[in-house]
Amino acid sequence: MRRVAAPHPPAGDHGPRVTVRSAVSEIYSSSLGLAEAFGSTVLEPSWWPADVQEISYCLARFPGCAHYRIDSTRRDGVPVGVIGHFEAAGGRSPREWLDGEWSEPCELADVRGLIGRVGIPPRLQAVIYDQKLETHLIGYDTEDEIMSAVTSLRRVSPD
């Protein structure tokens, strides 16, 4: 178990605001152990780009919420995988708090999915909503990679 600091999402119309919240981070050996610690279903990709390394399963507990990560690192050092958490009541679209160009591909309509090019340098990211979970897919190079990851997502439920 280790403690990490994490930024708080930017505030609405008042520009970016960063506060630091303390979190406890825990590592698990499988998605099942992660789901049990998260206390709910997690979405795990079964398709990964060919250049990923070892996959890790991590849960970060913040005051009042938890985020899980199932991720790896690509050959060029870019993190790739999924970050999931419970969808906030009256949740906001990432368009409201992540600068970038966002599209809504029809292939992701059933999961209210968005694909955006965000960050510096710009990288592709997707956000999907499924069964009260908001899941971010990060580190993918092309929309085809994102679609492969999304269509491969499997639900892992705690026992």
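Just so it is clear, the structure is predicted and the values come from calculations on it, not from any experiment.
- In the hydrophobic clustering of this structure, W47 does not group with I83; members are Ile, Leu, Val, Met, Phe, Trp, Tyr whose side-chain heavy atoms approach within less than 4.5 Å, directly or through other members.
- For the pair S25 (side chain) and A60 (backbone), a donor-acceptor distance under 3.5 Å is absent.
- Nearest heavy-atom pair, G39 versus P158, reported as atom, atom and distance to 0.1 Å: C-CG, 4.2 Å.
- T73 places no side-chain N or O within donor-acceptor distance of the main-chain N or O of V78, the cut-off being under 3.5 Å.
- Side-chain atoms of Y68 never come within 3.5 Å of backbone atoms of V82 as a donor-acceptor pair (strictly under, hydrogens ignored).
- Qualifying side chain to side chain donor-acceptor pair (under 3.5 Å) partners for D130, counting only residues two or more places apart in sequence or in other chains: R155.
- Among residues two or more places apart in sequence or in another chain, the ring-ring contact (aromatic ring centres under 6.0 Å, His included) test is passed with Y140 by none.
- The same ILVMFWY cluster, assembled from side-chain heavy atoms under 4.5 Å apart, contains both V156 and I128.
- Partners of E145 by salt bridge (Lys or Arg N to Asp or Glu O under 4.0 Å), not counting sequence neighbours, listed by chain and number: R74.
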Full working for side-chain contact (heavy atoms from CB on, under 4.5 Å) between V127 and W102: CA-CA 10 Å; V127 179; W102 291 90; 4.1 Å; yes
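- Residue pairs meeting the side-chain hydrogen bond (donor to acceptor under 3.5 Å, both in side chains) criterion with at least one partner in residues 34-44, sequence neighbours excluded, are S31-E44, T41-S157, E44-Y57, E44-R154.
- Listed here is the closest heavy atom pair of V80 and G139: CG2-O, 3.7 Å.
- Cluster annotation: L59 and V24 are assigned to distinct hydrophobic clusters (Ile/Leu/Val/Met/Phe/Trp/Tyr, side-chain heavy-atom contacts under 4.5 Å, transitive).
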Worked verdict on E107 versus I146 for side-chain contact (heavy atoms from CB on, under 4.5 Å): CA-CA 11 Å; E107 297 90 346; I146 288 173; over 6 Å; no
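- When the side chains of ILVMFWY residues are joined at heavy-atom separations under 4.5 Å, either directly or via intervening members, L133 and L34 end up in a single hydrophobic cluster.
- Rounding to the nearest 0.5 angstrom, the gap separating the CD1 atom in I138 from the CD atom in Q125 is 7.0 Å.
- In terms of heavy-atom proximity, S72 sits nearest to V52 at OG-CB, 3.6 Å.
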Steps toward side-chain contact (heavy atoms from CB on, under 4.5 Å) verdict (I70, Y28): CA-CA 10 Å; I70 300 173; Y28 296 90; over 6 Å; no
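- Here the OG atom belonging to S29 is positioned 13.0 Å from the CD1 atom belonging to I55, to the nearest 0.5 angstrom.
- The aromatic rings of F38 and F86 sit parallel to each other, their planes meeting at less than 30°, with 60° as the upper class boundary.
- With sequence neighbours left out, S152 forms a side chain to side chain donor-acceptor pair (under 3.5 Å) with no residue at all.
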Extract all donor-acceptor atom pairs below 3.5 Å that involve side chains of residues 108-124 and protein atoms in other chains or at least two apart in sequence.
unit_1, atom_1, unit_2, atom_2, d
R112, NH1, E87, OE2, 3.3
R112, NH2, E87, OE1, 2.9
R112, NH2, E87, OE2, 3.1
R123, NH2, D141, OD1, 2.8

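- For the pair P79 and R69, the tightest heavy-atom approach, listed with the atom from each and the gap, is CB-NH2, 4.4 Å.
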